[in-house]
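Okay, structure first, notes after.
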Amino acid sequence: MESSFLQILPVEIVHRILDCLSIKDILFSFRYVCKKFYSITDIYNRLTLDLSNHSSQTSIHRLYRLISPENVGTLILRNSYYNNELNDIDYFFSFNDIHRFTGLRFVRLDSLTEKDFRTVIHHLTTLSTFKSLSIFDRRILKNDTIILLSKVIALQSIRELDFDISTRVLNEISWPNHGMYRKMNLNLCSYTQWCHILHHSANLRIASITKLDMNNIAKDVACNTYKQLTSLTLNCIQCPIDQVEMLLASYPSLISINLTLNIISSFENLQRFSQWEYFIGEKLPRLKTVRFRISSPISRSQDFANIKSIIAAFRTSFWLQHKCWYMQFKYVINNEGAQFIINSSVDGYVNLYQEFETGLISYFTSTRKDDDGPKMHNVWNAIVNLPRVTQAICSRRFTMPKYYLFDNVIQLGLDIDHFDDWQRSSSFECLSKLINLSQLKEIYFLLSCKATFEASKINTILEKAINVRTFGIKNNGSLRDHTENQCAAISPQIEHFIIQSPDTCTMKVIAEHVEHISTITFSCNWSSSTNWTEIIEWLMEKGKKFSVTDDYRSIQI
């Protein structure tokens with residue numbers, strides 16, 4: 001009998017396949033396919049045992065009969081102290097001697113009882129191949145438990161630490177003088193704690209901190225320099241820009257930065273950030289990758305010339321040609337006020353289907369690879385939630401500006417979440433006061449509600465937006481009633497029709513009935529996958545010309 005393809009693969013390749021399977025699939029199914037798979041399973045030493053406080057006694061008993069503890073490379077135990085009933089983790093400690101798990105390389109401990117936690121940690125101190133420890137437990141641990149944890153951190157084999165633990169426990173850990181770990185993730189720590197950890201972490205290269213407390217920084221501590229770090233991620237940082245600069249200047253060897261600054265205290269901080277071309281050149285000369293999200297509250301009366309000056313600072317050769325770092329800039333108006341946001345971007349290109357910020361109105365622009373200076377300076381895009389703007393005006397939470405906030409808005413997205421409200425004539429008047437419709441080139445309907453698309457409503461806007469040639473719809477169920485009639489009624493001034501996430505039936509109907517438009521593009525959401533096979537076969541049968549993008553995310557007819 002001819003061997004199957006899997007049976008003739010090298011053992012190393014089969015092991016890579018097993019890396020993608022659960023322990024139950026490996027031991028209950030794959031193991032019994034044939035004798036070769038049975039023997040391969042016996043020597044496979046990268047099993048992942050993931051247990052929680054859920055009880056499934058039958059499968060657990062069967063699993064423990066088949067498992068070879070020395071073949072378990074990853075152990076995940078979580079949530080035992082939330083459940084007083086006998087559960088999988090209790091069975092684990094009653095049926096297995098933890099010391100038999102000699103091949104552990106990765107362990108995650110999530111909210112265990114301290115007795116169980118100490119049992120596992122004590123065992124890890126005896127392993128010479130253990131590499132990665134992850135802990136989620138914000139309780140105050142006993143001193144003897146913290147001593148054991150300190151011994152694990154000091155292991156010569158340890159390479160990665162991921163801690164979401166109490167800052168008090170973090171304080172009491174005895175950090176080794178020359179820790180071997182190269183990567184560390186911390187949920188919460190103070191700047192003083194962080195400097196103390198760095199002082200004992202000569203081999204640390206990659207660090208990530210979700211919440212770094214920058215309060216009460218001593219000047220003598222802040223002057224220290226740590227040259228070992230090459231990558232740093234900081235989230236939810238709330239402090240003035242001068243403290244951020246002081247922090248980053250302490251790590252002159254950084255190659256990569258991922259920085260999220262929320263609620264910077266003043267608009268002047270953003271102006272300071274726009275001068276980072278000089279700061280980076282002087283303090284971070286090795287920096288190659290930057291990812292930023294920096295936001296600041298801003299007065300609606302803020303001089304927009306200042307905003308434009310910030311944007312212009314990122315259109316120099318340093319950002320666009322030398323570093324190839326691109327930015328998106330968003331001015332978001334909501335009920336509480338306005339906010340200015342700077343986001344790093346891979347290429348600077350704007351996709352209205354994805355550029356959502358919660359608010360009444362969002363204006364945004366970007367720097368791009370093909371930025372040609374003066375022409376790009378005044379190009380803006382906007383997303384307007386018409387129903388909410390109308391409601392905010394009625395409740396006096398929003399005052400209509402006396403002039404257009406941003407000139408030359410070429411793309412407009414209408415975020416419609418209450419369709420009936422939007423159809424009122426006052427909404428059209430409101431829109432024309434917010435956006436200079438005559439300058440628009442593209443309009444998109446971003447329908448958050450299950451509302452039926454009506455071409456007549458689009459045409460009402462297009463009568464005033466005479467230069468619009470591209471119209472798009474984020475489907476969301478809106479194209480379900482009389483689709484062929486509605487799409488066929490779209491104004492003849494539209495040359496390009498773009499629809500996101502339509503079903504195959506809708507695509508066929510539109511392709512057959514919309515004949516006055518030059519191109520129709522169907523695209524799928526980045527979070528979903530689309531198989532174009534059926535529509536491609538249908539288009540070929542109908543003799544229609546089409547093309548599919550290289551990334552297979554859209555098809556154009």
Side-chain angles (χ1 to χ4, degrees), residues 153 158-163 170 175-186 188-262 264 268-294 313-314 316-327 342-344:
I153 294 173
I158 199 78
R159 292 296 180 268
E160 182 174 353
L161 300 172
D162 184 358
F163 289 168
L170 201 62
W175 295 91
N177 287 329
H178 299 284
M180 297 303 295
Y181 40 86
R182 299 178 64 85
K183 183 176 181 181
M184 180 182 294
N185 300 319
L186 297 175
L188 176 63
C189 75
S190 69
Y191 181 76
T192 302
Q193 288 175 323
W194 176 231
C195 288
H196 177 72
I197 292 171
L198 281 175
H199 183 71
H200 293 81
S201 307
N203 293 290
L204 185 61
R205 298 293 181 268
I206 302 172
S208 174
I209 307 175
T210 302
K211 298 176 183 178
L212 180 62
D213 184 357
M214 297 287 288
N215 294 321
N216 304 317
I217 299 176
K219 293 183 179 180
D220 57 337
V221 174
C223 292
N224 291 340
T225 299
Y226 305 97
K227 296 183 178 180
Q228 67 268 40
L229 272 187
T230 59
S231 176
L232 179 64
T233 298
L234 298 173
N235 297 315
C236 302
I237 306 300
Q238 301 186 23
C239 63
I241 199 72
D242 57 342
Q243 286 192 348
V244 176
E245 290 178 350
M246 176 216 66
L247 175 69
L248 296 179
S250 300
Y251 318 124
S253 301
L254 282 177
I255 297 173
S256 174
I257 292 177
N258 191 335
L259 184 64
T260 302
L261 297 180
N262 293 328
I264 300 179
E268 286 69 28
N269 282 299
L270 283 178
Q271 292 178 310
R272 174 84 165 266
F273 175 67
S274 69
Q275 300 168 4
W276 268 27
E277 173 178 337
Y278 310 102
F279 169 74
I280 291 173
E282 180 181 354
K283 302 294 184 180
L284 303 171
R286 299 180 60 190
L287 195 62
K288 294 182 179 179
T289 304
V290 294
R291 294 183 178 88
F292 292 116
R293 177 184 167 84
I294 299 180
F314 291 96
T316 66
S317 59
F318 172 83
W319 295 94
L320 301 182
Q321 281 82 45
H322 179 54
K323 292 293 189 180
C324 296
W325 295 339
Y326 312 105
M327 301 290 169
I342 303 177
N343 272 343
S344 60

Could you tell me whether the side chain of W325 and the main chain of K288 form a donor-acceptor pair under 3.5 Å? yes
Locate the shortest heavy-atom distance separating S274 from A313; write the atom from each residue and the value. O-CB, 3.4 Å
Centroid separation under 6.0 Å, is that true for the rings of F273 and F279? no
Using 0.5 Å steps for rounding, measure from the CD1 atom of I197 to the CH2 atom of W175. 4.0 Å
So D213 and Y191, side chain to side chain contact (heavy atoms under 4.5 Å, CB included) or not? Walk me through it. CA-CA 6 Å; D213 184 357; Y191 181 76; over 6 Å; no
Can you confirm whether S208 sits close enough to L186 that some side-chain heavy atom of one is under 4.5 Å from a side-chain heavy atom of the other? no
Would you please indicate if the ring centroids of W276 and F318 are separated by under 6.0 Å? no
N/O donor-acceptor pair under 3.5 Å between K227 side chain and S250 backbone: no
Which atom names give the shortest non-hydrogen contact between Q193 and S190, and what distance separates them? OE1-N, 2.9 Å
Let's go through L232 and I206 carefully: what are the C-alpha distance in whole Å and the side-chain angles of both, what is the deciding distance for side chain to side chain contact (heavy atoms under 4.5 Å, CB included) to 0.1 Å, and is it a yes or a no? CA-CA 6 Å; L232 179 64; I206 302 172; over 6 Å; no
To the nearest 0.5 Å, how far apart are CD1 in I255 and OG in S231? 8.5 Å
Please enumerate all residues that pass salt bridge (charged side-chain N to carboxylate O under 4.0 Å, His left out) together with E245, with sequence neighbours excluded. R272
So, N203 side chain and R182 main chain: donor-acceptor pair closer than 3.5 Å or not? no
For residues E160 and Y181, report the shortest heavy-atom separation together with the two atoms involved. N-CB, 4.3 Å
Mind running side chain to side chain contact (heavy atoms under 4.5 Å, CB included) on T260 and L234 for me, showing each step along the way? CA-CA 6 Å; T260 302; L234 298 173; over 6 Å; no
Let me see the working for C195 and Y226 under side chain to side chain contact (heavy atoms under 4.5 Å, CB included), right down to the final yes or no. CA-CA 9 Å; C195 288; Y226 305 97; 3.5 Å; yes
Least distance between heavy atoms, P285 atom then P252 atom: CD-O, 4.1 Å
Atom of L287, atom of S256 and distance for their closest heavy-atom approach: CD1-N, 3.8 Å
Is there a donor-acceptor pair under 3.5 Å between the side chain of S344 and the backbone N or O of F292? yes
In this structure, CD1 of I209 is separated from CZ of F163 (nearest 0.5 Å) by 13.5 Å
To the nearest 0.5 angstrom, please state how far the CG atom of D242 sits from the CG atom of L247. 11.5 Å
Heavy-atom pair of closest approach, residues S253 and R286: CB-NH1, 3.5 Å
Taking Q228 for its side chain and S201 for its backbone only, find out whether a donor-acceptor pair lies under 3.5 Å. yes
Separation of T289 OG1 from I257 CD1 (nearest 0.5 Å): 10.0 Å
Would you please say whether a donor-acceptor pair under 3.5 Å links the side chains of T316 and E277? yes
Within a radius of less than 6.0 Å around NZ of K283, do more than 12 heavy atoms belonging to other residues, nucleotides or ligands occur? no
Heavy-atom donor-acceptor pair, T230 side chain to R205 backbone, under 3.5 Å: yes
